[in-house]
Amino acid sequence: MNSSNDLPGQDGRPEPRPVWPRNLALSLAAAAAAYGVMTTVGSSDEGSSGHRAASAPPATAVPAADRPAAPLDQVFPAEVKAADGTVYTRVSARTQLSCPPEGAVGPRLAGLLKQGKGCAGEQTALYRDGHDNRFSLAVFTLRDPRDTAKVLIELAQAAGDPQVPAQTPPIGRGLPALPADSGRVQSFAGVDRVLVVGLGQWSDGRKADYQKLADRLQPVLTGVTRSIGPHAGGV
């Protein structure tokens, strides 16, 4: 599954290309319309996307480029609860007050960030569900909200390319490191000037049941995006 476009993982080995499950775009588009975000998901041979134009901040607002990213605990709640009762617990989180360094994200995403106005910061977190499946979230606070829709649309054109590495769980949290070639799914969302990239992995890293894994990723991706919403345009 590796290719020359694979990202270096936190252990220095290439990250595998994520699988994009089929038949998920329509349900995600409906959810996006309901709460005003854009999500894309597809498969290696079938991709789809939906988008909403990012709204400009009010004329009296502080320019987006001058606003910092939202506080870490507001970006990543300690728990995210899904409609079916599943609880996702935050394992770790961190903030970087700039765009990610070269090589830390996929070349396509890195190029798009450079083409735009850049980032006010990147924030990452690792969540687990009750079965120890893990979900890595990367939040990029862009300096210009007009860049968000463009980046999401462009990322959808390369559905199978990994854009961010999976987060490594801290020692002592009961989550062993997974093999570098573990199976994973990838999905995107955006609201105002914030871009969210989510990765899902089974607890044992297996390369199977990708549609089910995508279904498990979606609630925590949606929950984090909703929590950011109130802060995305007026932090």
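Residue numbers run from 1 in the order of the sequence given. Everything quoted here is computed from the prediction, not taken from an experiment.
Remark: D209 pairs with no residue by the side chain to side chain donor-acceptor pair (under 3.5 Å) rule, at least two apart or across chains. E79 is linked by a salt bridge (Lys or Arg N to Asp or Glu O under 4.0 Å) to nothing, counting only residues two or more places apart in sequence or in another chain. Every residue two or more places apart in sequence or in another chain that forms a side chain to side chain contact (heavy atoms under 4.5 Å, CB included) with A125 is listed here: F76, A93, Y127. Residues passing the side chain to side chain contact (heavy atoms under 4.5 Å, CB included) test with A82 are D84, T86, Y88, P219, sequence neighbours excluded.
Annotation: side chain of F140 is in contact with side chain of V197 (closest heavy-atom distance under 4.5 Å). Looking only at side-chain heavy atoms (C-beta outward), R193 and D147 stay at 4.5 Å or farther from each other. Using a 4.5 Å cut-off on side-chain heavy atoms (C-beta onward), L221 and Q218 make contact. Inter-residue side-chain proximity for P162 and L199 is flagged as unmet; no heavy-atom pair is nearer than 4.5 Å. T148 places none of its side-chain heavy atoms less than 4.5 Å from the side chain of V194. Taking the side chain as every heavy atom from C-beta outward, Q163 and V105 never approach each other to under 4.5 Å. Counting only heavy atoms from C-beta outward, the side chains of L155 and R108 approach each other to under 4.5 Å. Residues P101 and Q96 have side chains in contact (heavy-atom distance under 4.5 Å, counting atoms from C-beta outward).
One distance of note links CG of L142 with NZ of K150; it measures 11.5 Å at 0.5 Å rounding. Summarising the geometry, atom CD1 belonging to I228 is positioned 9.5 Å from atom CG belonging to L195; distances are rounded to the nearest 0.5 Å. The NZ atom of K81 lies 10.0 Å from the OG1 atom of T89; values are rounded to the nearest 0.5 Å. K114 contributes atom NZ, which lies 9.5 Å from atom SG of C99 (distance to the nearest 0.5 angstrom). Separation of atoms CG (L109) and CD (E154) is listed at 11.5 Å; rounding is to 0.5 Å. Interatomic distance, K207 NZ to L213 CG, rounded to the nearest 0.5 Å: 14.0 Å.
T95 contributes no side-chain N or O that, together with a main-chain N or O of Q123, makes up a donor-acceptor pair within less than 3.5 Å. Remark: the backbone N or O of A120 is not paired with any side-chain donor or acceptor of T141 at under 3.5 angstrom.
Nearest heavy atoms, L152 versus A189: CD2-O, 3.9 Å. Here the shortest heavy-atom pairing between V164 and A138 reads CG1-CB, 3.9 Å. Counting all heavy atoms, side chain and backbone alike, G223 lies closest to V80 at CA-CG1, 3.9 Å. Nearest heavy-atom pair, A104 versus P165, reported as atom, atom and distance to 0.1 Å: O-CD, 3.3 Å. Closest non-hydrogen pair, V151 versus L112, comes out as O-CD1, 3.9 Å. The shortest non-hydrogen separation linking Q201 to R184 is NE2-NH2, 3.2 Å.
For residues 125-140, every residue pair satisfying the salt bridge (charged side-chain N to carboxylate O under 4.0 Å, His left out) rule, not counting sequence neighbours, is listed here: R128-D132, D129-R216.
By the 4.5 Å side-chain criterion applied to Ile, Leu, Val, Met, Phe, Trp and Tyr, L175 is assigned to a cluster that also includes V91, L126.
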